[in-house]
Amino acid sequence: QVQLVESGGGVVQAGGSLRLSCAATGRTFSNYDMGWFRRAPGKEREFVAATTWSSGSTFYADSVKGRFTISRDNAKNTVHLQMNSLKPEDTAVYYCAGKRVSGAVAATRNYDYWGQGTQVTVSS
């Protein structure tokens, strides 16, 4: 079992930055692919970014590419999402997720564990 707890959300003006963190406890964190997803009001949960455990490769949704950076620290069992040049359309609840099984990192169905989410609000 893996428990995930997000932090770092808040309210920021357009063009600003936030850094989200996800702390993992439980099983060996380093063996999990880790992802960030978000759900905006009235919309489906969508993929934001992910990093694989095997190679540390990173993947991003087109909407955040060049603005967001995912990173992980296996020694501290944490994964971060640095969000720069934020836009009002980035407003959402952001979720950290972990998966042990193979499969596309962008697919929510492949993830076994989810955090409770942290709210990010970008004002115009």
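If you're wondering where the values come from, they're calculated on a predicted model, not measured in any experiment. The residues of the chain are indexed from 1 along the displayed sequence.
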Check Thr51 against Arg72 and note the closest heavy-atom contact, atom names and distance.
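Heavy atoms only, the tightest pair is O-NH1, 3.4 Å.
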
Which heavy atom of Ala23 sits nearest to which heavy atom of Thr78, and what is that distance?
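Taking every non-hydrogen atom into account, CA-CG2, 4.3 Å.
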
Could I get the full list of side-chain hydrogen bond (donor to acceptor under 3.5 Å, both in side chains) partners for [X], not counting sequence neighbours?
X     : value
Arg39 : none
Ser85 : none
Ser17 : Asn84
Glu46 : Arg38

Listed pairs under 3.5 Å, donor-acceptor, residues 102-113 side chains, sequence neighbours left out:
{"from": "Asn110", "atom 1": "ND2", "to": "Ala104", "atom 2": "O", "distance (Å)": "2.9"}
{"from": "Tyr111", "atom 1": "OH", "to": "Val105", "atom 2": "O", "distance (Å)": "2.6"}
{"from": "Asp112", "atom 1": "OD2", "to": "Arg100", "atom 2": "N", "distance (Å)": "3.0"}

Rounded to the nearest 0.5 Å, how far does OG of Ser124 lie from NZ of Lys87?
14.0 Å

So how far is it from Leu81 CG to Thr118 OG1, rounded to the nearest 0.5 Å?
11.0 Å

Just so I know, are the side chains of [X] and [Y] near enough to count as touching, which here means a heavy-atom distance under 4.5 Å?
X     : Y      : value
Met83 : Val120 : yes
Glu6  : Tyr94  : no
Ile70 : Val79  : yes

What pairs of residues pass the disulfide (SG to SG under 2.5 Å) test when at least one of them lies in residues 10-121, not counting sequence neighbours?
Cys22-Cys96

Residue pairs passing the disulfide (SG to SG under 2.5 Å) test where at least one lies in residues 25-63, sequence neighbours excluded:
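Of all non-adjacent pairs touching residues 25-63, none passes disulfide (SG to SG under 2.5 Å).
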
Do any N or O atoms from the side chain of Thr91 and from the backbone of Val122 form a donor-acceptor pair under 3.5 angstrom?
yes

Gln116 (side chain) donor-acceptor with Val5 (main chain) under 3.5 angstrom
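Looks like no, no N/O pair under 3.5 Å.
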
Got a sec, which residues hit side-chain contact (heavy atoms from CB on, under 4.5 Å) with Ser55, two or more places apart in sequence or on another chain?
Thr52, Ser57

Under the side-chain contact (heavy atoms from CB on, under 4.5 Å) test, residues paired with Ser71 that sit two or more places apart:
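Testing Ser71 for side-chain contact (heavy atoms from CB on, under 4.5 Å), a comparison that skips the adjacent residues, returns His80.
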
Hydrophobic cluster membership, with links at side-chain heavy-atom distances under 4.5 Å among I/L/V/M/F/W/Y: are Met34 and Leu20 in one?
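Same cluster.
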
Identify whether Tyr32 and Trp36 are in the same connected component of the hydrophobic contact network (ILVMFWY, side-chain heavy atoms under 4.5 Å).
yes

Output every pair passing ring pair (Phe, Tyr, Trp, His ring centres under 6.0 Å) with a member in residues 57-76, not counting sequence neighbours, ordered by first then second residue.
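Every candidate ring pair (Phe, Tyr, Trp, His ring centres under 6.0 Å) pair involving residues 57-76 fails, so no pair, neighbours aside, qualifies.
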
Applying salt bridge (charged side-chain N to carboxylate O under 4.0 Å, His left out), can you list everything that pairs with Lys65, at least two apart in sequence or on another chain?
Asp62

Name all residues meeting the ring pair (Phe, Tyr, Trp, His ring centres under 6.0 Å) criterion together with Phe47; count only those two or more places apart in sequence or in a different chain, and write none if there are none.
Phe37

Run through Asp90, Leu18, Thr121 and flag the one making a side chain to side chain contact (heavy atoms under 4.5 Å, CB included) with Val12.
Leu18

